[in-house]
Amino acid sequence: MYERYTERNIQDIEEKWQRRWEESGAFEVEQDAAREKHFYCLEMLPYPSGFLHMGHVRNYSIGDALAWFKRLQGFNVLHPMGWDSFGQPAEQAAIKRGVMPREWTDANIEHMRSQFKRMGFSFDWRREIAAHRPEYYKWDQWFFLKMLERGLAYKKVSPVNWCPKEQTVLSNEQSSGGVCWRCGAAVEKRDIEQWFFRITAYAEQLLDDMREIERGWPERVLTMQRNWIGRSEGAYIDFQIKDADERVRVFTTRVDTIYGANAVVVAVDHPLVEKSPLKEDVRRFVERVRAARSLAHAPGEDEEKEGINTGLAAINPFSGEQVPVWAANYVLSEYGTGAVMSVPAHDERDFDFAQKYSLPIHRVIERISHEQPAIDHDPTSEDQSVAMSEPFTEYGIVVSSGDWSGKLSEDALREMAEFAEREGFGERAVTYRLRDWGVSRQRFWGAPIPIIYCDACGVVPVPESDLPVVLPERAEFTGAGRSPLATVAEFVNTTCPKCQGAARRETDTMDTFVDSSWYFFRYCDPRNAEAPFDREKVAYWTPVDQYIGGVEHAVMHLLYTRFWTKFMRDIGLVSFDEPVRKLMTQGMVVAETFYRDAEEPGQKLYFNPADVEVVRDDKGRVASATSINDGHAVEVGSFEKMSKSVNNGVDPHSMISAYGADAVRLFVLFAAPVENDLRWQEAGIEGALRFLRRVYSTVYRWRAEAVAAPKDSTGAGEFSPEARRLRQETHRTIKRVTEDFEDLRYNTAVAAMMELSNALGDFNSSPESASASDHFAVRECLESLVLMLAPFCPHVAEEMWEGLGHAGGLLSNDARWPSFDEQLARRDELEIAVQVNGKLRGRVSVSADAGEDETRDAALADERVRSWIEGKQIVKTVVVPGRLVNVVVR
RNA sequence: GCGAAAGUGGCGGAAUCGGUAGACGCGCACGGCUUAGGACCGUGUGCCGAAAGGCGUGGGGGUUCGAGUCCCCCCUUUCGCACCA
């Protein structure tokens, strides 16, 4: 054992144990039917950007701690790592610097893997996977074919963001604000044929199965998914078009308001628009709307509602009333039927629209009121279009609605829909806002879509035996045009698998979310060349017991993964509905930003925190900040996500060099609850290091006596009161820490260990003079502390464990998560708070098994308490055993 | 605008089946040890007050012997959604 935990030794200790783990294959696991206690601990796989940032450190420290905890508890723990290695940055590097995407990606992976190893994360590296390797994306392609077979993959025309200046397809992020991120040109929408996965076929299941994961997933993630799926129950209603053999179908969730409909409003793309007698005006209007739309606008700002009367009339099937048909920009063509009935009295949007075009407003729902009976307005008379200052959107009593008047909204909704169904002009319906998953990307660096186009045979899937369709090494990376693969003749030109004639390959690649939708199943059997994985292996490890990652993936990734699992279930690959039992979304690591106004107005120049000298006042607040480089004052700004810009990052590598991976890990887990954002302040890490140093030197000081101490407490002789107290603290701490671990409450777990370490520091005995029982108590405390520290700081824990005389290391059978003895953890003396009229007036000590009377007597005997109740009448006394006594006096 | 969550010392945060508010750490102050230290050790540290004591968990009300915790109203912040009929 190294004598001290100093800067130099830290590096040696960490290196030593990393080497040992690697040599012994310490974290390598296999499925083993005999080991029923198994645990799959998974963190979201990183994109190999090339450098580790503090967000990674946090994410993987959280997971690693859990993996260690479970291992120490005797679980067979699968803890793998891989790379989400397809995606745009590799292509950008190719365009900017001419380096090939594969080389760039492989180099980044190399570097990041070594950084992960330097952190000492306990991954089974033999299971490493990377999305860009053909052995992996072969199975993306295989799944694509399975989707196709099942009718779940299909092709349709769909718009993409298009920069007219650069002649290139842009992602949503690249076209935010409606302008091209590079050249600033206005982004257009272009229609091209693209592949989709029919996730909507699983909408209902994705919603219903949330019941299975309710307990293990954060409420807000479930809410976000629920909103994203956007189920709504309502009815389709057909309005007959006057003087035409045509009907227009609308979707509504409020059939009960149909007597208040003043118009049918259709989206500008609705087929009915073509039928308008006012062709020219309508055409001009539609064009204007389309032009306005092609300029994407900033999120949050609504387009003003605009519409035009098409001159068509529709007949309300309930009232027989004739209403005009309008076309308007506020009706979405992609949702429902692309047509709605407009009920301004009871819908915000229709109300705005009616106000703008002075359309009549008929109130047909009244608030349920006990004082005033609902008035039955005559829908045909003038006076019932009472002035409303705002729409009434709640449920209430139906009025002015013929036979339906007097019903409650809730009943009318159901009965009116049933009526429409019987009469043949409508039906009950459920709609979703969830859209099918567009998987085509006009990009090079992704898995090729395994499809061949043949002039004779049409769309032909690549036969399974021909997989993988291998991505070529290079293509033309001009950044312009559509799919770079289209420029690679050897790739494009092929023969048709059906007729052997000349044919062309699909040149789009798959969305990278495809890769990440099933990767954790592949970890279970990463080298399988015959199938995506062996079913038995997957059945042993999955579902994932704990998944850890950023909340930014709460919707897309996690929804796709759930969808994929249900699909795999349906083709017989797995036998469960949900892939992830428990989900934890960790907060971001954010840093204070330092900046100065740049030359261009509105622009800011950011500084790396390492280049800024900060002066703080005596309360620790920032008083001033100065650039080290030029001595000029710098502004201090808000906190930004660390991975966001290069200049606000704290380099984990320099942290590790200065403090060691253990201290960095400990601090990052201690500084805040895992789900909170973490403000990075370097000062805090000193505390973590100090704590480790203290524990280390205590272990070093006592190691000989600890090793020599009796093996069990019965042979240790009589325990002094001090030693009993220490044992009590030890067992109490084990209890607290174990419970905290189950809920990933690492911050309080660390705090508890610090308290135990402080208690040990107060133990007034020295190795030389202490008795065998003292030695036993100290060893029990130290061994427990070391074991509990292992998940956070495995290197130094191993070193101390060895120092305490254990040769096999923390992963041998000799090391087990400590258990606690309730009896020993119990305090025998309790401090009771004494209140007089609810105010704290004193504290008394009573024995833990003191009853109510004894506790009350002790409280009333307290001198200070007596001075407060003297001369007053005791009205009553409340005794909460073990906690407090409240004396109520008058 | 709608929905959700949250507001506790100078800071990160403890404590929620209602029961000693501020654990643990950072920072800060004083002292010790040191040639020196941004090392280490000790003590203190919610605010006001010399003390006794008073006040204190965003603000206001309420329930209760007792409220950070429960109820009502308001304010603020963060996140999500944003014409989904």
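Every chain is numbered from 1, with letters handed out A, B, ... down the list of sequences.
The distance between the ring centers of F392(A) and F351(A) does not fall below 6.0 angstrom. Taking the six-membered ring for Trp and the full ring otherwise, the centers of W680(A) and F667(A) sit less than 6.0 Å from each other.
C73(B) and U20(B) have their C1' atoms separated by 31 Å, given to the nearest Å. Across C47(B) and G62(B), the matching C1' atoms stand 27 Å from one another, rounded to whole Å.
Between the side chains of E742(A) and T738(A), not a single donor N or O lies within less than 3.5 Å of an accepting N or O.
Counting only heavy atoms from C-beta on, N747(A) has its side chain closest to G13(B) among A85(B), G25(B), G13(B).
In this structure, G19(B) and C65(B) make a Watson-Crick or G-U wobble pair, each of the two defining distances being under 3.5 angstrom.
Among the protein residues, V265(A) comes within range of no part of the nucleic acid, since none of its heavy atoms lies under 4.0 Å from any strand. Residue S232(A) is classed as a sugar-phosphate contact, given heavy-atom separations below 4.0 Å to backbone atoms only. Backbone-only contact: T252(A) has heavy atoms under 4.0 Å from sugar-phosphate atoms and none from a base. Counting any heavy atom pair closer than 4.0 Å across all strands shown, N758(A) reaches sugar-phosphate atoms only and no base atom.
In this entry the distance linking CE of M224(A) with C1' of C81(B) reads 9 Å, nearest Å. Rounded to an integer number of Å, the gap from CD1 of I237(A) to C1' of A85(B) is 13 Å. Rounded to whole angstrom, the span from the CD atom of E233(A) across to the C1' atom of A85(B) amounts to 15 Å. Between the P atom of C26(B) and the CZ atom of R690(A) lies a distance of 5 Å, rounded to the nearest Å.
When the side-chain nitrogen and oxygen atoms of Y335(A) are compared with OP1 and OP2 of A85(B), one or more of them lie within a distance under 4.0 Å. Listed pair K839(A) / G54(B) fails the phosphate criterion, with no side-chain N or O lying under 4.0 Å from OP1 or OP2. At the phosphate of C41(B), OP1 or OP2 sits under 4.0 Å from a side-chain N or O atom of R694(A). At G54(B), one or more side-chain N or O atoms of R841(A) fall inside 4.0 Å of OP1 or OP2 (strictly under the cut-off).
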task = For E348(A) and K305(A), run salt bridge (Lys or Arg N to Asp or Glu O under 4.0 Å): C-alpha distance rounded to whole Å, both residues' side-chain angles, the deciding distance at 0.1 Å, then the answer.
result = CA-CA 12 Å; E348(A) 305 258 1; K305(A) 291 185 178 49; over 6 Å; no
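With respect to R220(A) and E675(A), no salt bridge is recorded, no charged nitrogen being found less than 4.0 Å from a carboxylate O.
Taking for each of D347(A) and T748(A) the nucleotide of RNA chain B with the nearest heavy atom, the 5'-most of the two is the partner of T748(A). Ranked by how close their nearest RNA chain B nucleotide is to the 5' end, E219(A) and L840(A) are led by E219(A).
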